[in-house]
Amino acid sequence: MQWQLVFFRSGSRKNEAMQPIAEQVNNEDIRNLSGYFASLTPPKASAPDDNPDLSKKGAEAAMGRRCASCHGDTFAGSKAVARLAGQREDYLVKALHDYKSNLRVGGGVAAMAEVAYHLSEVEITALAHYLAHL
Ligand code: HEC
């Protein structure tokens, strides 16, 4: 999350709500905020899986696209690679669209732009559903 604030501040990740806020935080604030949020217990999936067939497709897509090679076997992420397990479905869809359309440029040598470019709408829907229910 440290890098996300830096990206919002520099404008390389664009969001009308976050940018003016990120512009006001200095490097020490960013370190402290990141340390605090990282110390919170990650949430569990918010709702029971109402579409296991879609999750199965998402799991297959995650396997085929090797998402776990960076995000970890349990999709918990590590260091600058984001946690995906239990993240909200709408947010995951938005994030993948933003990478795919180059609205969001991540760290890790554009790793996600490269990954998302190849994802179909069907895969994005299935991946988001699967990951949100882990
Ligand atoms: C080569 C390594 C790599 C692979 C493979 C990869 N990712 Fe990522 N992913 C990253 C990195 C690094 C970030 C953080 C980028 C940033 O700072 O915006 C990220 C961020 C994300 C985010 C944003 C999370 C957030 O909290 O904003 C999503 C969603 C995501 N990845 C989904 C996927 C999915 C789904 C796959 C498989 C289709 C995948 N990733 C494969 C490296 C990878």
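Sequential numbering from 1 along the given sequence is applied to the chain's residues. Counting starts at 1 for both ligands and their atoms, in listed order.
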Q: From the options H71, H118, Q87, K79, select the one whose nearest heavy atom is closest to atom 31 (N) of ligand 1.
A: H71

Q. Taking both backbone and side chain into account, is any N, O or S atom of M112 nearer than 2.8 Å to atom 8 (Fe) of ligand 1?
A. yes

Q | Heavy-atom donor-acceptor pair, N32 side chain to D29 backbone, under 3.5 Å | A | no

(Q) Within the 4.0 Å heavy-atom shell around L92, which atoms of ligand 1 are there? (A) 29 (C)

Q.
Distance under 4.0 Å to a non-hydrogen atom of R65: what atoms of ligand 1 satisfy this?
A. 38 (C)

**Q.** ligand 1 contact by E123, heavy-atom criterion under 4.0 angstrom
**A.** no

Q. So, H129 and D49: side-chain donor and acceptor under 3.5 Å apart, yes or no?
A. yes

Q) Mind checking whether atom 8 (Fe) of ligand 1 has an N, O or S of C67 under 2.8 Å? A) no

Q: Say whether Q4 and ligand 1 are in contact under the criterion: heavy-atom distance to a ligand atom below 4.0 Å.
A: yes

**Q.** Atom indices of ligand 1 within 4.0 angstrom of C70 heavy atoms, with elements
**A.** 1 (C), 2 (C), 3 (C), 4 (C), 5 (C), 42 (C), 43 (C)

Q: Hey, could you give me the SG/CG distance between C67 and D73, rounded to the nearest 0.5 Å?
A: 12.0 Å

Q: Check ligand 1 against A82 and write out every atom of the ligand that is under 4.0 Å from a heavy-atom position of the residue.
A: 24 (C), 25 (C), 26 (O)

**Q.** Spatial distance of atom CD (E60) from atom OH (Y130) [nearest 0.5 Å]
**A.** 10.5 Å

Q: Identify, by atom number and element, the atoms of ligand 1 in contact range of L96, meaning under 4.0 Å from any of its heavy atoms.
A: 32 (C)

Q.
Heavy-atom distances under 4.0 Å decide this one: backbone, side chain, both or neither, for A80 against ligand 1?
A. backbone

(Q) Checking the N or O distance criterion of under 3.5 Å, is ligand 1 in contact with Y99? (A) yes

**Q.** Salt bridge flag under 4.0 Å for residues K94 and D98
**A.** yes

Q.
We want to know whether E123 and H118 form a side-chain donor-acceptor pair, criterion being a heavy-atom distance below 3.5 angstrom.
A. no

Q. Are any of the N or O atoms of R66 closer than 3.5 Å to those of ligand 1?
A. no

Q) Atom CG of N15 and atom CZ of F7: how far apart are they, to the nearest 0.5 Å? A) 15.0 Å

Q | ligand 1 versus R104: contacting region, heavy-atom distance under 4.0 Å | A | side chain

Q. For ligand 1, which atoms, with element, lie under 4.0 Å from some heavy atom of F7?
A. 17 (O)

Q: Check for a donor-acceptor pair, side chain of K57 on one end and backbone N or O of L54 on the other, with a separation under 3.5 Å.
A: no

Q) Side chains of R9 and N27: do they bring a donor and an acceptor to under 3.5 Å? A) yes

Q: Report the C-alpha separation of K14 and R104 in whole Å, then their side-chain angles, then the decisive distance to 0.1 Å, and conclude whether the side chain to side chain contact (heavy atoms under 4.5 Å, CB included) test is met.
A: CA-CA 7 Å; K14 296 188 194 326; R104 178 170 171 184; over 6 Å; no

